[in-house]
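These notes are about the structure you will find just below.
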Amino acid sequence: MIGGFGNLAGQVDVWSLKDLNNVEEVGKFKSYCAVSQEWSPNGRDLLTAVLYERVKVDNMVSIFGASGKKILPKGFPFAELHFAQWQPYPKGTFKCPNIKQMIKEA
């Protein structure tokens with residue numbers, strides 16, 4: 001993942017690095033003003049958040065698929081959001097995501 005967060009425009013590009021001889025773009029999207037980001041335990045989705053510590057307005061959580069599809073269409077707003085993360089799962093709970101399928105979804 002390559003992205004511009006914080007004061008940058010929020011453009012995020014997701015790349016597959018599974019085969020370094022064949023690097024492929026999986027998807028791209030924008031997450032304006034996000035200062036926090038975290039991959040989901042299943043490796044398919046990305047949670048971004050606008051946190052109160054850096055931005056005093058428009059605090060929200062957004063969820064995107066690696067292909068760039070916005071899973072939470074309007075985001076989930078908060079008056080003050082100080083922290084956001086996925087619920088943790090033990091390693092090995094989820095299978096490795098199918099990169100080819102994610103590229104088709106883009």
Side-chain angles (χ1 to χ4, degrees):
M1 172 182 72
I2 299 171
F5 296 100
N7 291 336
L8 299 174
Q11 177 71 37
V12 179
D13 298 319
V14 180
W15 296 83
S16 168
L17 301 177
K18 191 170 186 175
D19 177 1
L20 294 179
N21 294 321
N22 186 25
V23 177
E24 296 179 87
E25 184 175 36
V26 177
K28 61 173 57 183
F29 57 90
K30 286 194 178 198
S31 183
Y32 297 102
C33 297
V35 294
S36 175
Q37 60 280 336
E38 181 178 30
W39 280 105
S40 66
N42 70 9
R44 296 183 53 85
D45 306 312
L46 185 72
L47 177 143
T48 65
V50 179
L51 302 177
Y52 187 77
E53 67 184 87
R54 295 271 311 274
V55 182
K56 304 300 185 214
V57 296
D58 299 330
N59 290 187
M60 74 168 53
V61 169
S62 297
I63 300 174
F64 299 89
S67 65
K69 180 181 177 183
K70 195 164 188 180
I71 294 172
L72 200 55
K74 294 185 179 181
F76 193 83
F78 294 86
E80 289 185 19
L81 180 63
H82 296 276
F83 184 75
Q85 76 172 44
W86 295 97
Q87 178 177 332
Y89 285 88
K91 190 172 185 164
T93 301
F94 300 100
K95 294 179 182 178
C96 185
N98 183 328
I99 302 297
K100 298 288 184 201
Q101 183 63 36
M102 289 193 300
I103 291 171
K104 285 181 188 176
E105 293 171 2

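If you read the sequence from its start, that first residue is 1, and numbering goes on from there.
Residue pairs meeting the salt bridge (Lys or Arg N to Asp or Glu O under 4.0 Å) criterion with at least one partner in residues 31-44, sequence neighbours excluded, are Arg44-Glu105. Within the structure, no pair that satisfies the side chain to side chain donor-acceptor pair (under 3.5 Å) test touches residues 55-64, not counting sequence neighbours. Applying the ring-ring contact (aromatic ring centres under 6.0 Å, His included) rule to pairs touching residues 42-65 yields Phe29-Phe64, Tyr52-His82, sequence neighbours excluded.
Checked against side-chain contact (heavy atoms from CB on, under 4.5 Å), Tyr89 has the following partners two or more places apart in sequence or in another chain: Pro41, Gln87, Thr93, Phe94. In this view, Val57 and Val55 satisfy the side-chain contact (heavy atoms from CB on, under 4.5 Å) rule, not counting sequence neighbours. Every side-chain contact (heavy atoms from CB on, under 4.5 Å) that Glu25 has, sequence neighbours left out, goes to Asp13, Trp15, Lys28.
Taking both residues in full, the closest heavy atoms of Val61 and Ala84 are given as CG2-CB, 4.0 Å, listed atom of the first, atom of the second, then distance. A pairwise comparison of heavy atoms in Ile63 and Trp86 identifies CG2-CH2, 3.8 Å as the closest pair. Counting all heavy atoms, side chain and backbone alike, Gly65 lies closest to Asp45 at CA-OD1, 3.6 Å. Of all heavy-atom pairs spanning Gln37 and Val35, the tightest one is OE1-C, 4.1 Å. Summarising the geometry of Ser31 relative to Thr48, their closest heavy-atom pair is OG-OG1, 2.6 Å, with the distance given to 0.1 Å.
Taking 4.5 Å as the limit, some side-chain heavy atom of Trp39 sits within range of a side-chain heavy atom of Val14. Contact of the Leu81 side chain with the Val50 side chain is not registered, since no non-hydrogen atoms from C-beta on lie closer than 4.5 Å. Here the side chains of Gln85 and Pro88 are in contact, with some heavy-atom distance below 4.5 Å.
For the atom pair Leu72 CG and Leu47 CG, the distance stands at 9.0 Å (nearest 0.5 Å).
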